[in-house]
Each structure stands twice: as C-alpha cells, then as structure tokens.
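Only one structure is covered here, and it is reproduced in the block below.
First listed ligand is number 1; within each ligand, the first listed atom is number 1. Sequential numbering from 1 along the given sequence is applied to the chain's residues.
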Amino acid sequence: MALQNYIRLDDALCAYVRTHQSGAGDPLFLDLREETMRLGAVAEMMIPEEEAALLSILVGTMRAQRAIEIGTFTGASGRAIARGLTEGGKLLSLDRSEEWTRIARAFWRRAGVDDRIELRLGPALSSLEELEADSSFDFAFVDADKTSYEAYYEALLPRMRPGGLLVFDNMLREGRVLGGDLRHDPDTEAIARLNDKLREDSRIEGVLLPVADGIYLCRKKRQEWDLLPE
Ligand SMILES: C[S@@+](CC[C@H](N)C(=O)[O-])C[C@H]1O[C@@H](n2cnc3c(N)ncnc32)[C@H](O)[C@@H]1O
C-alpha cells in the first residue's frame, strides 16, 4: 500500500500558505511584484513570497556571512538573502540584464539592504570564472538559465565552505521533469539530468522540496562520511 503522506496544492491552499508566514503581505514585496508585473510575461520569473521567506530563514539559521546568487532579476531573492545575513555579511548578486537589475538596485535601496549587496553584470559563468581566488561562500542561490545549472554547480561547489548550502530553483519545471511528452525542452532536460546527478553525488546531502516550482537544497559535506547511512 502506498502512503499518501503529501498534499496537492490548489489555488486556495496556495493562497492560504502565502498568507500564513511572518510578514505575509509585506507592502515592499507587493510593490516590487506590481512593478515587475509591468514588465509583462517575464514577471513570472520573480520568486513567490513564501520562497523569499524560506531563503531568509535558511540564510539566517545558518548564520551565513558570505552569499552569492545567480539570477538577480528585479531583486526579490537578493533582498531575501541579504536580510538573513549576519552583521557585516555580503551578498554577491550576478545577472546580465542592466534593465531588470536597475529595478533591483532601487528596490534594495528602499528595503535598506543595498549596502550588503554587490551586483556584477555579465554572463554568470564568466563572472564566476573571474571571482577572486580566495572567494568562498556559506550560501548560494541559483535561479538563472537552466542549461547552465550543472556548470554553475561545478563552479560553485569548490567555493562553498564545508557545511555550506547551495539552493537551486525551478527543479520541478512545473512537473515537466516527469518526462514523457512533456520533457522535450532543453531546460527541462538539463534540470532532470541535474536532479539525477545530485541524488548520486557523494559530495553533498540533498533534498528536493516541492516549494514553489521545486527547490533543491544541497549541503556540502564536511567529509565524504559526514552523514553516515542509518
Ligand atoms: C528567474 S530570473 C531570477 C529571479 C530572481 N531570483 C527573483 O528573485 O525574482 C532569471 C535571471 O537570470 C538572468 N540570467 C539568465 N541567464 C543568465 C546568464 N547566462 N548570466 C547572467 N544572468 C543570467 C536573467 O537576466 C534573469 O534576470
């Protein structure tokens, strides 16, 4: 007998989830969403507020000081990460769009986190290659072009401190990872391959969470034997 120990979210339940978190209905977040929606269909790329809340809690819980994100867009995830950092903490935010990140910069100023964030513009892989030799991170969030996720993973993992957390967004691709006729796009193929790879990767402990469009949490092990099998 299969246990049905999970729940399917419909619109009403999703709205319930969103209205039952600390700071639900945060006017700054709602303003940013409104401004982002004026950009048209691309607005769908903005993370939802429960994901923003989760990022802040994760960053705060691990007392992260140095964080990096790939995929700034209009700034929602950047603010969420920055507000969770410990005193003196810094976020390096990477994107290639001048237009969208102009909105992010203004939003961060308004939210009072601009002094904790450095934005670098350009193709993210080049920005990663150009990082200072001694740059390392406690926390990383990846939310950009899906076909580069694996390359981002391999570039970031050596720079994560042992015990550090790497978070990938859109790892369910609205269910398309299940395959069949649905999986025929390069982005979903890339994500499905990465999900398989992360499951087998002994350098991390990972879990795929059905939050928003699926987020994969990867904690870099301190040692190969960090988490002993039960
Ligand atoms: C899904 S959006 C990020 C959403 C954002 N994290 C948020 O909280 O709303 C993806 C972003 O990745 C950026 N991007 C896509 N491919 C990129 C690349 N190769 N290098 C740098 N940025 C890239 C896009 O410009 C876009 O702003």
In terms of residue, atom name and distance, what is the protein heavy atom nearest to [atom]?
{"atom": "atom 22 (N) of ligand 1", "value": "Arg96 N, 3.3 Å"}
{"atom": "atom 10 (C) of ligand 1", "value": "Asp143 O, 3.2 Å"}
{"atom": "atom 14 (N) of ligand 1", "value": "Ala144 CB, 3.9 Å"}
{"atom": "atom 7 (C) of ligand 1", "value": "Ser77 OG, 3.6 Å"}

Yes or no: does [X] have any heavy atom under 4.0 Å from an atom of ligand 1?
{"X": "Pro123", "answer": "yes"}
{"X": "Gly122", "answer": "yes"}
{"X": "Thr74", "answer": "no"}

Measure the CG-CZ distance between Leu94 and Arg120 for me, rounded to the nearest 0.5 Å.
->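 One finds 7.5 Å between CG of Leu94 and CZ of Arg120.
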
Between atom OG1 of Thr147 and atom CG of Leu194, what is the distance when rounded to the nearest 0.5 Å?
->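 Output value for this atom pair is 11.5 Å.
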
[X], any N or O under 3.5 Å of ligand 1 N or O:
{"X": "Gly71", "result": "yes"}
{"X": "Asp145", "result": "yes"}
{"X": "Thr72", "result": "no"}
{"X": "Lys146", "result": "no"}
{"X": "Ala124", "result": "yes"}
{"X": "Asp95", "result": "yes"}

Please tabulate, for side-chain N and O atoms in residues 24-32, each donor-acceptor pair with protein atoms closer than 3.5 Å (sequence neighbours left out).
unit_1 : atom_1 : unit_2 : atom_2 : d
Asp26  : OD1    : Leu28  : N      : 3.1
Asp26  : OD2    : Arg79  : NH1    : 2.7
Asp26  : OD2    : Arg79  : NH2    : 3.2
Asp31  : OD2    : Arg110 : NH1    : 3.2
Asp31  : OD2    : Arg110 : NH2    : 2.8

What do we get for Thr36 next to ligand 1 when only non-hydrogen atoms under 4.0 Å count, side chain, backbone, both or neither?
->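 It is neither; nothing of Thr36 touches ligand 1.
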
With heavy atoms under 4.0 Å as the rule, classify the contact between Trp100 and ligand 1 as side chain, backbone, both or neither.
->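 Side chain only; the backbone of Trp100 stays clear of ligand 1.
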
Would you kindly say whether [X] and [Y] are connected by a side-chain donor-acceptor distance under 3.5 Å?
{"X": "Arg173", "Y": "Thr188", "value": "yes"}
{"X": "Thr101", "Y": "Thr72", "value": "no"}
{"X": "Tyr216", "Y": "Asp169", "value": "no"}

Determine whether Phe73 and Ile103 make a side-chain contact, defined as any pair of heavy atoms from C-beta on separated by less than 4.5 Å.
->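 They are not in side-chain contact.
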
Answer yes or no: is there a side-chain heavy-atom contact under 4.5 Å between Leu121 and Arg96?
->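 No, every pair of side-chain atoms sits at 4.5 Å or beyond.
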
Return each pair, listed once, that meets salt bridge (Lys or Arg N to Asp or Glu O under 4.0 Å) where at least one residue sits in residues 47-69; pairs must be two or more places apart or across chains.
->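 Matches after skipping sequence neighbours: Arg18-Glu50, Arg33-Glu49, Arg66-Asp138.
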
Which of the ligand 1 atoms, numbered from 1, are nearer than 4.0 Å to a heavy atom of [X]:
{"X": "Tyr152", "result": "18 (C), 19 (N)"}
{"X": "Met46", "result": "9 (O)"}
{"X": "Ser97", "result": "25 (O)"}
{"X": "Met45", "result": "1 (C), 2 (S), 4 (C), 9 (O)"}

Answer yes or no: does atom CD of Glu132 have more than 12 heavy-atom neighbours from other residues, nucleotides or ligands under 6.0 Å?
->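 Count over threshold, so yes.
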
Taking all non-hydrogen atoms of both residues into account, name the closest pair between Gly78 and Leu91 and its distance.
->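 In this case the closest contact between Gly78 and Leu91 is O-CD2, 3.5 Å.
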
Hey, is Glu154 close enough to Arg203 for a salt bridge, meaning N to O under 4.0 Å?
->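 Yes, charged N to carboxylate O under 4.0 Å.
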
